[in-house]
Amino acid sequence: MAHSLKSATFLIESRIADAARGDCNACYDLGIIYSTGASGTAIDLIEAHKWFNLAAVWGSDAAQACRSDIAEDMTAREIAEAQRQARSWLVQTGRRAA
């Protein structure tokens, strides 16, 4: 179990680092991880929406569709929080929306 947790942590950390460099696919991958609980990660729709939103603003049609799908299972407050977190991440990393 500890090995799989280390693997999941490494996967997430490496994809976050890639996303910080502007990798749209990394954002999409993080959305998938958090929306499905891949690699033993807890499902977190706010976090998933945040990453899908970032990928969508950088041009990913697949992320836009996934964001829309999970939004159906979220409250307006959860969506607003995910959007706030996405904006905050852009500011912290110095990235811009497309």
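Along the sequence shown, residues are numbered consecutively beginning with 1.
- With contacts defined as side-chain heavy-atom distances shorter than 4.5 Å, the pair Gln85/Asn53 does not qualify.
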* To do: Take Met74 and His49, measure what side-chain contact (heavy atoms from CB on, under 4.5 Å) needs, and give me the verdict at the end.
  => CA-CA 9 Å; Met74 298 172 71; His49 191 284; 3.8 Å; yes
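- Leu54 and Ile33 fall within a single hydrophobic cluster, where Ile, Leu, Val, Met, Phe, Trp and Tyr are joined by side-chain heavy atoms under 4.5 Å apart, directly or via other members.
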* Tyr34 and Thr41: CA distance, side-chain angles, deciding distance, side-chain contact (heavy atoms from CB on, under 4.5 Å) verdict -> CA-CA 7 Å; Tyr34 285 109; Thr41 303; 3.6 Å; yes
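- Gly31 approaches Ala48 most closely through the heavy-atom pair O-CB, 3.6 Å.
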* Asked: Can Lys50 and Ile46 be said to form a side-chain contact (heavy atoms from CB on, under 4.5 Å), step by step?
  -> CA-CA 6 Å; Lys50 173 182 96 175; Ile46 292 172; 5.7 Å; no
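- In this structure, the side chain of Thr36 engages the main chain of Ile32 through a donor-acceptor pair within 3.5 Å.
- Note that CD of Glu72 and CD1 of Ile79 are 9.5 Å apart. Values are rounded to the nearest 0.5 Å.
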* Go through the steps for Cys66 and Tyr28 under the test side-chain contact (heavy atoms from CB on, under 4.5 Å), then give the verdict. => CA-CA 9 Å; Cys66 290; Tyr28 178 80; 3.9 Å; yes
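- Clustering ILVMFWY residues whenever any of their side-chain heavy atoms sit less than 4.5 angstrom apart, transitively, puts Ile12 in the very cluster that holds Trp89.
- Contact annotation: the side chain of Cys27 approaches that of Trp58 to within less than 4.5 Å [non-hydrogen atoms, C-beta and beyond].
- Pairing each heavy atom of Ala56 with each of Ala63, the nearest pair is N-CB, 3.8 Å.
- Residues Trp51 and Glu47 have side chains that bring a donor and an acceptor to within less than 3.5 angstrom of each other.
- Note: Glu81 CD to Thr75 OG1 = 10.0 Å, rounded to the nearest 0.5 Å.
- Within the 3.5 Å criterion, the main-chain N or O of Gln64 finds no donor-acceptor partner in the side chain of Ser68.
- Residues Ser35 and Ile43 share a closest heavy-atom pair of O-CG2, 4.0 Å.
- With contacts defined as side-chain heavy-atom distances shorter than 4.5 Å, the pair Glu78/Asp73 does not qualify.
- One distance of note links CZ of Arg15 with CG of Asp29; it measures 4.5 Å at 0.5 Å rounding.
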